[in-house]
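Notes follow once the structure below has been shown.
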Amino acid sequence: MSSWSSPAATAVEDRLFRALAVLRAILLVNAVVLSALRADEVERPRALAACVLVMVVWTAVATWAYAEPRRRTPPLLVTDLVVAVALLLVTPYVTGQDSASVPGFWVIGALVAWGIRYRTVGGLVAGIVLATADLVRQDIDPSDYGNAFLLLLGGTIVGYVCATLQTMATERDAALHEAAVATERARWARVVHDGVLQVLALVQRRGREIGGEAADLGRLAGEQEIALRSLVRAQDAAPVAGGMVDLAVEVGRLATRPGVTVSAPGYPVELPAAAAHELVAAAGACLDNVRDHVGDDAPAWVLLEAFPDRVELSVRDGGPGIPEGRLAAAAAQGRLGVSGSIRGRLADLGGRAELVTGPDGTEWDLVVPVYGRAHE
Amino acid sequence: MSDEAPVRVMVVDDHPLWRDAVERDLAAAGLDVVAVAATGREALARFGATRPQVLVLDLQIPAPDGVQVTAEVVRRDPEARVLVLSASGEQADVLAAVKAGATGYLVKSASREELLAAVRRVALGEPVFTPGLAGLVLGEFQRDPDQPQLTDRETEVLRMVAKGLSYRQIAERLVLSHRTVQNHVQNTLRKLQMHNRVELTRYAIEQGLDEE
């Protein structure tokens with residue numbers, strides 16, 4: 001949406017015009033007081049009084065007119081500027097001398113109105129018009145030139161600031177809107193996912209109880225349940241820095257393998273993508289090993305722990321363990337196999353892999369050092 | 001079943017299919033299902049009227065949600081036990097419920113036997129941990145240095161739970177009694193909940209629970 005017509009831009013304009021109304025009142029008081037003080041010095045006091053009346057009436061009209069967005073039309077702004085210019089130009093006639101102008105600072109009202117409504121260009125145009133009028137009415141000396149320059153500069157700056165504010169407000173509104181849409185979408189997704197998960201869990205549970213073909217259905221439902229759950233986890237994960245991934249999410253995907261339970265912290269564990277993928281691949285190799293040596297659906301547990309200086313991933317199974325000497329024997333025969341590849345992967349990451357095996361299972365502990373990871 | 005009075009249970013779930021299935025299973029096993037509820041509001045009202053010992057609670061229920069219900073139930077009756085039975089397993093919710101005072105957590109795909117065993121254990125005040133929950137709790141202690149820290153033994157036990165070892169296996173490995181292993185697990189929960197009490201109070205005030 002354009003930053004000229006968006007509701008946010010209009011809201012910014014409204015605020016600025018409300019502020020301008022206050023400024024106009026102050027400028028008017030200032031002009032009235034100054035005119036009263038010099039009423040005796042001017043050549044035509046009645047004309048000065050008429051000018052003051054014009055300022056009072058126009059300030060009231062302008063305050064009313066600018067309050068409503070639909071009334072901020074070119075005729076209004078042009079009239080605003082014309083009144084200010086006219087008051088500048090009648091100054092020599094009213095005062096009969098080369099002195100301060102009749103409206104004085106009061107012309108700022110029109111200048112700022114142009115800046116707010118027509119932004120940088122509007123402020124510049126109004127500044128040029130007012131500065132020219134101010135210079136035309138008098139013999140120019142250096143201080144007059146300064147005033148003209150300030151008018152020019154002031155109008156442009158007000159216009160620029162207004163444009164910037166409107167653009168920012170429009171962008172902020174768009175961002176807020178997008179965030180609200182995303183939140184709503186996520187809320188709906190959660191409701192739908194929860195419903196699907198409920199049904200999958202129920203099918204799984206009843207299927208197992210009924211047995212036979214229903215048990216197969218139940219097993220399928222269980223696989224889908226785990227897949228959907230890791231998807232939900234990945235979607236809910238907080239965004240991580242570029243080149244990094246949330247290791248907890250990556251490890252969570254291992255749960256889609258039959259029999260595998262994954263445990264991890266409830267917050268993102270950031271790791272460079274390449275290292276994370278290597279580590280997860282190593283854990284996958286451990287799980288392949290479980291499948292090969294313990295059984296296809298053999299239960300296995302994966303635990304991810306995040307410490308300030310390292311991450312630890314352990315993969316455990318409840319199998320009979322690896323008989324003593326078998327790994328050494330395999331290595332002696334030149335068959336480095338799985339354990340060699342797991343150790344190799346971890347060594348490449350600057351970490352280490354340790355194997356603990358016993359009668360109640362085999363456990364791989366994969367440790368990767370993490371440098372400079374802020375302690376959360 | 002022993003000749004003790006049956007455990008008084010309330011089932012809270014907004015899915016009728018599930019609520020009925022769980023209720024049926026519990027009743028068939030001789031437990032006394034004193035109430036069921038579909039929303040947090042119903043749950044709190046019926047909790048007051050029926051005083052169950054154990055709440056079997058889904059976290060995703062119409063307001064107040066499962067976490068708020070847990071906090072309120074434990075506040076009203078510190079002897080009441082909450083077993084969270086969740087389908088979606090959303091980590092943040094499960095952790096919040098445990099911090100709010102839930103004693104156990106089970107995923108909905110758990111078998112009927114697992115559910116019954118969990119309800120009975122929770123009724124006795126024994127914590128029911130899945131490996132997943134143990135991993136979450138471990139993470140909380142590792143993340144927050146302001147937490148009252150776990151002893152080395154508690155960490156060791158919790159880590160073993162997270163790696164899928166049963167209390168019996170842990171007791172054997174560490175040469176401890178089953179009861180001692182349970183106490184270690186219970187202590188980790190207590191530390192987590194104690195640290196959370198201040199945060200919880202603030203949470204309850206924010207959610208307007210203190211007005212009830």
Side-chain angles (χ1 to χ4, degrees), chain A residues 190-191 193-209 218 221-222 225-226 228-230 232-233 236-237 248 251-252 255 259-267 269 299-308 311-312 314-318 358-361 363 365 375-376, chain B residues 13-22 25 58-61 85-96 98 106-115 129-145 155 158-166 168-170 172-173:
Chain A
R190 200 162 294 135
V191 170
H193 286 153
D194 190 59
V196 175
L197 284 167
Q198 304 266 7
V199 173
L200 289 175
L202 193 61
V203 170
Q204 195 182 347
R205 194 153 173 266
R206 280 285 171 244
R208 206 161 39 211
E209 285 166 11
E225 183 202 344
I226 290 161
L228 181 54
R229 193 173 293 178
S230 59
V232 170
R233 160 125 214 199
D236 283 354
V251 170
V260 176
T261 304
V262 173
S263 309
Y267 46 87
V269 179
W301 294 269
V302 177
L303 169 64
L304 172 65
E305 292 176 275
F307 299 92
V311 294
E312 285 193 27
S314 74
V315 181
R316 193 186 82 84
D317 68 60
D360 60 351
E363 183 174 326
D365 286 317
H375 192 83
E376 285 168 277
Chain B
D13 198 315
D14 60 332
H15 289 70
L17 218 59
W18 253 109
R19 201 169 54 236
D20 295 347
V22 171
D25 285 351
D58 185 12
L59 291 180
Q60 308 284 333
I61 50 171
L85 190 61
S86 162
S88 45
E90 282 178 19
Q91 268 92 350
D93 290 345
V94 172
L95 205 53
V98 168
L106 212 58
V107 287
K108 278 197 167 169
S109 46
S111 69
R112 176 169 34 190
E113 290 68 32
E114 286 173 296
L115 172 66
F129 262 55
T130 59
L133 178 56
L136 285 175
V137 172
L138 266 178
E140 285 307 289
F141 282 103
Q142 282 155 2
R143 161 158 73 168
D144 187 356
T155 307
L158 199 57
R159 193 173 278 148
M160 287 182 173
V161 175
K163 289 174 181 175
L165 288 150
S166 67
R168 186 185 52 76
Q169 286 173 309
I170 296 171
E172 274 172 24
R173 268 206 198 182

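Here is the naming used below: chain letters follow the sequence lines, and residue numbers restart at 1 for every chain.
- Between B:Asp25 and A:Arg205 there is a side-chain heavy-atom pair separated by less than 4.5 Å.
- Residues B:Ser111 and A:Arg208 have side chains in contact (heavy-atom distance under 4.5 Å, counting atoms from C-beta outward).
- Residues meeting the side chain to side chain donor-acceptor pair (under 3.5 Å) test with B:Arg159, sequence neighbours left out: A:Glu305.
- A heavy-atom distance below 4.5 Å is not found between the side chains of B:Leu17 and A:Arg206.
- With a 4.5 Å cut-off on non-hydrogen atoms, A:Gln204 touches chain B through its side chain but not through its backbone.
- The choice from A:Ala255, A:Ser314, A:Gly195 that makes the most heavy-atom pairs within less than 4.5 Å of chain B is A:Ser314.
- Of the listed residues A:Gly266, A:Ala300, A:Ala264, the one with more heavy-atom pairs under 4.5 angstrom with chain B than any other is A:Ala264.
- Ranking B:Lys163, B:Lys108, B:Arg112 against chain A, the residue ahead of the rest is B:Lys163, based on heavy-atom pairs under 4.5 Å.
- For B:Ala110, the part sitting under 4.5 Å from any heavy atom of chain A is the backbone (N, CA, C, O) and nothing else.
- Side-chain contact check for A:Leu303 versus B:Leu138: some heavy-atom pair is nearer than 4.5 Å.
- Here the shortest heavy-atom pairing between A:Thr261 and B:Pro131 reads CG2-CB, 4.2 Å.
- Smallest separation of non-hydrogen atoms from A:Tyr267 and B:Gly139: OH-O, 2.9 Å.
- Closest heavy-atom contact between B:Ala162 and A:Ser263: O-OG, 3.5 Å.
- With a threshold of 4.5 angstrom between heavy atoms, B:Leu165 approaches chain A through its backbone and through its side chain.
- Contact of the B:Asp13 side chain with the A:Gln198 side chain is registered, since non-hydrogen atoms from C-beta on lie closer than 4.5 Å.
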